[in-house]
Q: 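Shown below is the structure under consideration.
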Amino acid sequence: RIYTRPHTVVTASEWFYQNVPARTKVASQHWDEGFPFPLPGDRNPDRYKIEQLGYYEPDTPEKMSGICRELAASEYAVFQTKRIYGSVTRAPEKFPLTTRYFYRLFAGDLGFTLTNEFASRPALFGVEIPDELADESFSVYDHPKVLIFRNTGHLSPSDIEGRVVTGAPSRRLTRKDILLARPARS
């Protein structure tokens, strides 16, 4: 049924246009098609202040300062696929700061809460099969899981950077936990 449902990024984009006011600052990932998708009816991503964060750039203190500054100034952080957080956390020796950043973001330590997930998982006999652990070529193109984090803590850039650089996350997470992340049930 994956292919009979609307594309997940389209569904997430529709939700975003309906629920997020124009001129809201959004932290997004580079290396993807962009978010939200432009849609018919004057729904254009230019209505938002979108900052594409350079997660794949070489890890330096300057890179992390910039990411933390932009994150602190954003109301939302959006991941339209697992491509960035899935691959960076697979290479902690190449991206030690960015890996720490993702573990803390997903633990809720950077002032952002995972509030929305848009996914279209395969199912067999009515049982949903989480395919987030499969190779990215299986899911990131035709049915990526879109994650939307909301800035609920409004931390300063220096507070966010301090939490990335020092100490352990408040919750012990594995890479599998990050890939399978879902918003908390209310």
Q: If every non-hydrogen atom of Ile160 is compared with every non-hydrogen atom of Cys68, which pair is closest and at what distance?
A: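 Closest heavy-atom pair between Ile160 and Cys68: CG2-SG, 3.6 Å.
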Q: Please go through Ile148's hydrophobic cluster and name the other residues, only I, L, V, M, F, W, Y counting, with side-chain heavy atoms under 4.5 Å joining them.
A: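 Besides Ile148, the cluster holds Val9, Val10, Trp15, Phe16, Tyr17, Val20, Val26, Phe35, Phe37, Leu39, Tyr48, Ile50, Tyr76, Val78, Phe118, Val146.
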Q: Of all the heavy-atom pairs spanning Asn151 and Gly111, show the shortest one and how long it is.
A: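 It is OD1-O, 3.4 Å.
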Q: How would you list, by chain and number, every residue that makes a side chain to side chain contact (heavy atoms under 4.5 Å, CB included) with Ser87, sequence neighbours excluded?
A: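 Per chain and number, Ser87 pairs via side chain to side chain contact (heavy atoms under 4.5 Å, CB included) with Tyr56.
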Q: Quick one: list whatever passes side-chain hydrogen bond (donor to acceptor under 3.5 Å, both in side chains) with Thr89, sequence neighbours left out.
A: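 Arg175.
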Q: When clusters are formed from ILVMFWY side-chain contacts under 4.5 Å, directly or step by step, what else is grouped with Phe125?
A: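 Leu124, Ile129, listed by chain and number.
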Q: Which atom pair, heavy atoms only, marks the closest approach of Ser65 to Glu161?
A: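 Between these two residues, the closest heavy atoms are OG-OE2, 2.7 Å.
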Q: A side-chain contact here means heavy atoms from C-beta on lying under 4.5 Å apart; do Phe112 and Leu105 qualify?
A: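 Yes, side chains in contact.
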Q: Taking Arg163 for its side chain and Arg104 for its backbone only, find out whether a donor-acceptor pair lies under 3.5 Å.
A: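 Judged by distance alone, no pair lies under 3.5 Å.
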Q: Side-chain contact test, heavy atoms from C-beta onward, threshold under 4.5 Å: evaluate it for Tyr85 versus Lys82 and give yes or no.
A: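 Yes, side chains in contact.
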Q: Below 4.5 Å, heavy atoms only, C-beta onward: do Pro36 and Arg43 meet side chain to side chain?
A: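 Pro36 vs Arg43: side chains apart.
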Q: Do you know which two heavy atoms are closest between Pro130 and Glu128, and how far apart they sit?
A: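 That closest heavy-atom pairing would be CD-O, 3.7 Å.
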Q: Taking salt bridge (charged side-chain N to carboxylate O under 4.0 Å, His left out) as the definition, give me every residue that meets it alongside Glu117, ordered by chain and number, with sequence neighbours left out.
A: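 For Glu117 the salt bridge (charged side-chain N to carboxylate O under 4.0 Å, His left out) partners, ignoring immediate neighbours, are Arg121, Arg182.
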Q: Is there side-chain contact between Arg100 and Pro169, with heavy atoms separated by less than 4.5 Å?
A: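 In short, these two side chains do not touch, never coming nearer than 4.5 Å.
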Q: Under the side chain to side chain contact (heavy atoms under 4.5 Å, CB included) test, which residues partner Leu114, sequence neighbours left out?
A: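 Here the qualifying residues are Leu147, Phe149, Ala181, Pro183.
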Q: Please examine the side chains of Phe102 and Phe95, heavy atoms only from C-beta on, and report whether any two atoms are closer than 4.5 Å.
A: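 Side-chain contact under 4.5 Å: no.
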Q: Kindly write out the residues that satisfy side-chain hydrogen bond (donor to acceptor under 3.5 Å, both in side chains) with Thr115, not counting sequence neighbours, or none if the list is empty.
A: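 Here no residue qualifies.
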Q: Can you check whether Tyr101 reaches Leu71 side chain to side chain, under 4.5 Å on heavy atoms?
A: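 Side-chain contact under 4.5 Å: yes.
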Q: For Asp42, does its backbone N or O pair with a side-chain atom of Arg47 as donor and acceptor, under 3.5 Å?
A: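 Flag set: sc Arg47 to bb Asp42 pair under 3.5 Å.
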Q: State which residues pass salt bridge (charged side-chain N to carboxylate O under 4.0 Å, His left out) with Lys94; sequence neighbours excluded, sorted by chain then number.
A: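 Lys94 satisfies salt bridge (charged side-chain N to carboxylate O under 4.0 Å, His left out) with no other residue.
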Q: What I want to find out is whether Glu70 reaches Lys25 closely enough, with some N-O distance under 4.0 Å, to be called a salt bridge.
A: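 So Glu70 pairs with Lys25 through a salt bridge.
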Q: Show the nearest heavy-atom pair for residues Asp177 and Arg172, with the distance to one decimal.
A: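 Smallest heavy-atom distance, with atoms named: OD2-O, 4.1 Å.
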Q: I'd like to check the side-chain hydrogen bond (donor to acceptor under 3.5 Å, both in side chains) partners of Lys49; sequence neighbours left out, ordered by chain and number.
A: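 Here no residue qualifies.
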Q: Kindly write out the residues that satisfy salt bridge (charged side-chain N to carboxylate O under 4.0 Å, His left out) with Asp59, not counting sequence neighbours, or none if the list is empty.
A: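 In terms of salt bridge (charged side-chain N to carboxylate O under 4.0 Å, His left out), with neighbours along the sequence ignored, Asp59 is linked to Lys63.
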Q: Can you name the residues that form a salt bridge (charged side-chain N to carboxylate O under 4.0 Å, His left out) with Arg150, not counting sequence neighbours?
A: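 Testing Arg150 for salt bridge (charged side-chain N to carboxylate O under 4.0 Å, His left out), a comparison that skips the adjacent residues, returns Glu75.
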Q: Applying side-chain hydrogen bond (donor to acceptor under 3.5 Å, both in side chains), can you list everything that pairs with Thr152, at least two apart in sequence or on another chain?
A: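 Thr113.
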